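The block underneath contains the structure these notes are about, expressed in structure tokens.
From a predicted model like this one, the values you see are computed outputs, not experimental measurements.
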Amino acid sequence: QVQLAESGGGLVQTGGSLRLSCAASGRTFSNFAMGWFRQAPGEEREFVASISASGRFTYYAESVKGRLTISRDNAKNTVYLQMNSLKPEDTAVYYCAARTRKPPSGLRYEYEYWGQGTQVTVSS
């Protein structure tokens with residue numbers, strides 16, 4: 001089992017920044033690729049970013065490229081999502097997820113473990 005706990009969400013104005021964190025526990029973090037997904041009210045949960053187990057490879061949704069950056073610190077069992085130039089359409093609950101494979105993935109069904117989510121609200 002893997003337990004994931006997100007933090008760092010909040011209310012920010014358009015153009016502002018936030019950094020989300022996701023702390024993992026339970027199994028060897030450095031064996032898992034990690035991802036961030038988000039879900040807006042009334043919408044499907046969508047892929048945001050993913051990072052390989054080593055941290056060498058990353059993969060982003062087109063809508064966030066150049067504004068959001070995923071990174072990880074395997075010594076701290078933590079994955080981050082740095083969010084810059086935020087827009088109202090980034091408003092959602094953000095979830096981190098772990099998959100028991102090393103390559104990154106944008107496919108929701110490939111992730112076995114999920115956190116509870118953290119709310120990000122961007123005001124216009």
Interatomic distance, [X] atom [atom1] to [Y] atom [atom2] [nearest 0.5 angstrom]:
| X | Y | atom1 | atom2 | result |
| --- | --- | --- | --- | --- |
| C96 | I51 | SG | CD1 | 12.5 Å |
| S30 | K102 | OG | NZ | 7.0 Å |
| Y113 | T100 | OH | OG1 | 6.5 Å |
| S50 | R99 | OG | CZ | 7.0 Å |
| L81 | M34 | CG | CE | 11.5 Å |
| F47 | E110 | CZ | CD | 11.0 Å |

Between the main-chain N or O of [Y] and the side-chain N or O of [X], is there a donor-acceptor pair closer than 3.5 Å?
| X | Y | value |
| --- | --- | --- |
| N74 | T28 | no |
| R67 | S85 | yes |
| Y60 | G66 | no |

With hydrophobic residues grouped by side-chain heavy-atom distances under 4.5 Å, do [X] and [Y] end up in a single group?
| X | Y | result |
| --- | --- | --- |
| W36 | V120 | yes |
| V122 | Y94 | yes |
| Y80 | V48 | no |
| V2 | Y111 | no |

How far apart are the closest heavy atoms of [X] and [Y], and which atoms are they?
| X | Y | value |
| --- | --- | --- |
| L11 | S123 | CD1-CB, 4.3 Å |
| P104 | S52 | CD-CB, 3.7 Å |
| L4 | A24 | CD2-CB, 3.6 Å |

Report the residue from T91, V93, D90 that forms a side-chain contact (heavy atoms from CB on, under 4.5 Å) with R38. D90
Kindly indicate whether the side chain of [X], heavy atoms from C-beta on, has any atom under 4.5 Å from the side chain of [Y].
| X | Y | answer |
| --- | --- | --- |
| S17 | V12 | no |
| E6 | L20 | no |
| T78 | F29 | no |

Is the number of heavy atoms from other residues, nucleotides or ligands under 6.0 Å of [X] [atom1] greater than 12?
| X | atom1 | value |
| --- | --- | --- |
| E44 | CD | no |
| Q119 | CD | yes |
| Y59 | OH | no |
| R101 | CZ | no |

Given the ring of Y95, does R45 sit roughly above its face, with NZ or CZ under 6.0 Å from the centre of the six-membered ring and within 45° of the axis? yes
